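Note that the structure is a prediction, hence the values are computed from the model and not measured.
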Amino acid sequence: MLCVEHWREADKVSHVSDRFLVSGGARLHGEVSVGGAKNSVLKLMAASLLAEGTTTLTNSPEIADVPLMADVLRGLGAVVEIDGETVTIEAPAEPKYHADFDAVKQFRASVCVLGPLMARCRRAVVALPGGDAIGSRPLDMHQAGLRALGAHSSIEHGCVVAEADALVGAPIALEFPSVGATENILMAAVLAEGETVIDNAAREPEIVDLCVMLQQMGARIEGAGTSTLTVTGVERLHPTTHRVVGDRIVGATWGIAAVMTRGDVTVNGVNPHHLQLVLNKLVDTGARVETHPNGFRVSHDRRPTAVNVSTLPFPGFPTDLQPMAIGWASIAEGMSVITENVFEARFRFVEEMVRLGADARTDGHHAVIRGIERLSSAPVWCSDIRAGAGLVLAGLVADGVTEVHDVEHIDRGYPHFVENLRSLGGEIERVTG
């Protein structure tokens with residue numbers, strides 16, 4: 001059994017000062033399998049609090065955030081066991097409602113316990129979460145949704161504090177299709193009285209995955225995958241067993257790596273329909289893309305062609321892949337404009353790409369990149385999960401050896417990252433100290 005204490009001990013040894021040494025010049029070739037989605041499993045773990053008893057998640061990714069979420073759930077009274085790709089959560093009859101401990105503050109997804117706690121306990125105190133440094137992500141819409149359901153909610157002493165005598169279904173229109181707000185409102189509504197209609201809801205595959213699991217638990221939800229979710233509250237839910245959807249962001253990362261290194265990579269374990277726009281963009285760079293029911297193949301044999309990209313909520317181009325888009329643009333033939341419409345601070349990644357010789361500048365929500373033949377190696381620092389992966393991909397197309405620091409960010413989102421990259425022929429070494 002793998003428990004959070006083991007991860008903590010490993011962190012003391014391996015993650016505190018680790019860095020990657022990435023050698024450029026390798027052409028990636030081969031097959032790689034993708035596990036469950038980080039952006040889904042953490043929310044599914046939180047949803048397990050909605051039903052007393054044992055819920056089992058399979059195809060869970062072996063990433064650092066899963067034991068952190070397990071720690072959060074343990075603090076709320078759950079018993080959690082992690083055994084490889086299987087997570088077992090025994091939710092108590094009466095969960096604790098106060099989530100104010102160190103694990104909550106370390107990653108953003110911890111806030112998704114807010115909805116389940118309101119549904120089960122009718123009150124919640126959740127420490128404001130931490131996570132990646134990619135810009136402002138306020139909880140205004142989360143709180144507004146809970147208020148619409150009848151709760152009082154405020155920020156007090158660094159915590160979200162919410163309480164309700166009863167939750168009653170209501171029409172809720174989101175200002176922006178926020179994934180986190182959609183999830184919290186949805187999980188609160190499944191045990192509310194009456195009908196809740198969420199308009200402008202997020203449509204991401206991970207939202208659909210959450211809806212599927214909730215339906216398996218007995219929730220009544222219509223409209224999954226559309227911008228309108230209709231939830232009819234039920235008195236109680238029951239535990240279930242659920243397989244986590246494949247991680248489209250990890251899968252796309254390997255596909256983009258094939259484009260950047262002029263390689264040939266087959267990705268298994270992800271639904272290609274969840275990446276339709278991304279794969280179309282790779283075709284625009286000159287890549288050959290073949291899809292199959294459980295994945296896709298990307299191959300390229302020359303410099304990619306410059307392509308403009310604008311990030312948008314699903315089904316648009318994912319903001320999580322923006323660093324990788326900047327990476328391929330930096331070595332593309334021509335000029336690319338990358339527009340960030342979701343997280344304003346994500347362009348700090350550009351500063352690190354400039355260290356590697358990229359001809360790039362930012363102007364508000366836009367990054368203008370003029371592609372060059374090859375990047376040059378340099379020490380660089382990860383600011384978040386996706387920026388870290390993007391810097392490693394950039395190192396693969398730089399001369400010499402690129403040192404990528406603060407790689408614990410990558411551990412939070414990419415299972416077996418070094419091993420997978422090596423299996424494709426990449427030259428990467430993890431160094432401690």
Side-chain angles (χ1 to χ4, degrees), residues 19-28 132-135 252-263 278 281-282 284-287 300 302-311 317-341 343-407 409-410 421 426-428:
R19 65 189 187 279
F20 290 158
L21 303 182
V22 185
S23 299
R27 179 177 181 265
L28 299 191
D132 293 332
I134 56 177
T253 299
W254 298 127
I256 293 170
V259 168
M260 292 179 65
T261 64
R262 308 184 191 186
V278 176
K281 287 290 184 182
L282 297 188
D284 291 343
T285 72
H300 216 310
R302 55 185 173 83
R303 275 181 76 185
T305 301
V307 175
N308 296 335
V309 169
S310 295
T311 67
F317 194 94
T319 181
D320 278 355
L321 293 176
Q322 181 244 84
M324 295 69 163
I326 291 175
W328 91 54
S330 69
I331 58 162
E333 197 165 0
M335 185 181 77
S336 303
V337 177
I338 311 296
T339 302
E340 176 55 54
N341 294 307
F343 293 129
E344 72 279 1
R346 208 151 213 167
F347 277 152
R348 67 178 60 189
F349 172 78
V350 174
E351 299 173 11
E352 299 305 305
M353 288 298 297
V354 170
R355 292 180 191 269
L356 295 172
D359 183 355
R361 63 178 176 83
T362 59
D363 182 8
H365 289 276
H366 308 285
V368 180
I369 301 105
R370 292 176 174 82
I372 61 176
E373 188 76 34
R374 193 165 184 79
L375 299 174
S376 56
S377 57
V380 289
W381 282 262
C382 307
S383 58
D384 65 79
I385 298 169
R386 311 307 173 183
L391 289 172
V392 171
L393 266 55
L396 293 173
V397 292
D399 59 16
V401 178
T402 296
E403 289 191 14
V404 182
H405 294 262
D406 296 338
V407 299
H409 288 292
I410 300 174
L421 189 51
E427 295 186 33
I428 181 172

Looking at [Y], is its backbone amide N or carbonyl O close enough to the side chain of [X] to form a donor-acceptor pair, meaning the two atoms are under 3.5 Å apart?
X: Asp399; Y: Gly24; value: no
X: His405; Y: Arg19; value: no
X: Thr305; Y: Gly286; value: no
X: Arg303; Y: Ile331; value: yes
X: Arg27; Y: Arg262; value: yes
X: Asp406; Y: Trp381; value: no

Side chain to side chain contact (heavy atoms under 4.5 Å, CB included) evaluation trace for Arg370 with Val368: CA-CA 7 Å; Arg370 292 176 174 82; Val368 180; 4.1 Å; yes

To the nearest 0.5 Å, how far apart are [atom1] in [X] and [atom2] in [Y]?
X: Glu333; Y: Arg302; atom1: CD; atom2: CZ; answer: 8.0 Å
X: Leu28; Y: Ile256; atom1: CG; atom2: CD1; answer: 12.5 Å
X: Ile385; Y: Ile410; atom1: CD1; atom2: CD1; answer: 9.5 Å
X: Leu393; Y: Leu421; atom1: CG; atom2: CG; answer: 7.5 Å
X: Leu396; Y: Glu427; atom1: CG; atom2: CD; answer: 9.5 Å
X: Thr362; Y: Phe349; atom1: OG1; atom2: CZ; answer: 13.0 Å

Nearest heavy-atom pair of [X] and [Y]: which atoms, and what distance?
X: Val22; Y: Gly395; answer: CG1-C, 3.7 Å
X: Ser330; Y: Gly327; answer: OG-O, 2.6 Å
X: Arg386; Y: Pro323; answer: O-CB, 3.8 Å
X: Ala26; Y: Gly426; answer: CB-CA, 4.3 Å
X: Ala398; Y: Ser376; answer: CB-C, 3.9 Å
X: Gln322; Y: Ile338; answer: CG-CG2, 3.9 Å

Residue pair Ile326, Phe347: steps toward the side chain to side chain contact (heavy atoms under 4.5 Å, CB included) verdict: CA-CA 10 Å; Ile326 291 175; Phe347 277 152; 4.0 Å; yes

Heavy-atom side-chain proximity of [X] to [Y] below 4.5 angstrom:
X: Thr402; Y: Val380; value: yes
X: Thr319; Y: Glu340; value: yes
X: Thr339; Y: His366; value: yes
X: Leu375; Y: Met353; value: yes
X: Asn341; Y: Ser310; value: yes

Working for salt bridge (Lys or Arg N to Asp or Glu O under 4.0 Å), residues Arg355 and Glu352: CA-CA 5 Å; Arg355 292 180 191 269; Glu352 299 305 305; 3.0 Å; yes

Whether Phe317 and Trp328 hold their rings parallel, tilted or perpendicular, with breakpoints at 30° and 60°: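 Ring orientation, 0 to 90° scale: perpendicular.
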
